[in-house]
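Note sheet for the following structure.
Note that the structure is a prediction, hence the values are computed from the model and not measured.
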Amino acid sequence: DQRDCYSELKLVAKMEADDTYVEYVPVAKRRAMEAQKILQRKGQASTASDADLEKLRVAETKLSLLVKASQLKRKQPEISATEQIVQQEKEMIENLSDRKTLMSVHELAKGITYTGPLLTGWKPPLQVRRMSKKQCDLIRKQWQHIMVDGEDIPPPTKIFKDMRFPEPVLKKLKAKGILQPTPIQVQGLPVILSGRDMIGVAFTGSGKTLVFALCQPKFKTSPEVLW
């Protein structure tokens with residue numbers, strides 16, 4: 001019943017915590033074993049009844065939950081703590097679905113997929129667009145080792161003016177004492193202004209919110225304002 005099952009589960013937990021735990025033998029099996037020993041002591045093992053032997057066989061086949069758990073534990077190969085962590089990470093990666101990355105519930109429900117970036121009409125200045133990959137990587141390294149991963153990544157832009165924000169936005173940033181972009185803004189703003197999806201990871205207070213906030217007026221007023 002449930003109480004017996006619960007008791008056996010507690011014993012399993014205790015057994016796992018204590019390697020010196022002695023395996024539990026069911027009552028029916030113990031009685032059959034004791035009967036067999038008595039017969040052996042009397043020299044009558046050969047004349048044991050078929051019923052006694054059948055009881056012993058049934059007792060051995062009906063293993064308790066505790067015995068089964070003990071057998072499974074012995075069969076499992078021993079692995080180190082590091083190997084356990086690696087195995088858990090591998091299982092987590094296998095359970096991830098790349099197709100759902102950066103997709104909203106609406107897009108998943110409607111089966112909407114995008115084959116290109118959002119058309120924003122934004123482009124950095126010509127001198128920024130002409131930078132080589134080596135020059136871009138050097139800027140990322142100089143700005144506290146900005147790390148990027150993806151395809152056709154927009155070049156990092158070191159000043160707000162080259163990001164082509166409207167003059168009122170630039171004046172407001174200056175009035176707030178924000179004179180130059182932080183590392184996450186140097187790379188994050190060009191990516192979002194280009195209409196690309198992005199996951200940005202940076203420390204608290206590094207300016208991630210401003211990356212999001214500065215791009216909102218751009219997307220809301222792009223039909224009316226020339227950037």
*asked:* Once side chain to side chain contact (heavy atoms under 4.5 Å, CB included) is applied, do any residues pair with R129, and if so which ones, sequence neighbours excluded?
replied: K123, P124, L126

*List for me each residue that meets side chain to side chain contact (heavy atoms under 4.5 Å, CB included) alongside E83, sequence neighbours excluded, and say none if there are none.*
I79, S80

Write down the atom of [X], the atom of [Y], and the distance for their closest heavy-atom approach.
X: P117; Y: S194; value: CB-O, 4.0 Å
X: C136; Y: P155; value: SG-CB, 3.7 Å
X: I184; Y: G200; value: CD1-CA, 4.2 Å

*Quick one: pull up CZ in R140 and NZ in K133 and give me the separation to the nearest 0.5 Å.*
7.5 Å

*Say you draw a straight line from CZ of R130 to CD of Q135; how long is it, rounded to the nearest 0.5 Å?*
12.0 Å

I'd like a table of donor-acceptor pairs (distance under 3.5 Å, sequence neighbours excluded) in which one partner is a side-chain atom from residues 170-182, with atom names and distances.
{"residue": "T182", "atom": "OG1", "partner": "S206", "partner atom": "O", "Å": "2.7"}

*Under the side chain to side chain donor-acceptor pair (under 3.5 Å) rule, collect the residues that match up with D162, sequence neighbours excluded.*
none

*If you group Ile, Leu, Val, Met, Phe, Trp and Tyr whenever their side-chain heavy atoms sit less than 4.5 Å apart, what else falls in with I146?*
V128, M131, I139, W143, V148, I153, V186

*Other hydrophobic cluster members with L138, side-chain heavy atoms of Ile/Leu/Val/Met/Phe/Trp/Tyr under 4.5 Å, chained?*
none

_Quick check: do F165 and L189 have side-chain heavy atoms less than 4.5 Å from each other?_
yes

*Would you check, one step at a time, whether the test side chain to side chain contact (heavy atoms under 4.5 Å, CB included) holds for L193 with T120?*
CA-CA 7 Å; L193 290 171; T120 63; 5.7 Å; no

Just by distance, do the side chain of [X] and the backbone of [Y] share a donor-acceptor pair under 3.5 Å?
X: R196; Y: D152; value: yes
X: T157; Y: I159; value: no
X: Q185; Y: G207; value: yes
X: W122; Y: M163; value: yes

*Is it true that D137 and K134 have a side-chain N and a carboxylate O under 4.0 angstrom from each other?*
no

*Check whether more than 12 heavy atoms from other residues, nucleotides or ligands sit under 6.0 Å from atom NZ of K158, and answer yes or no.*
no

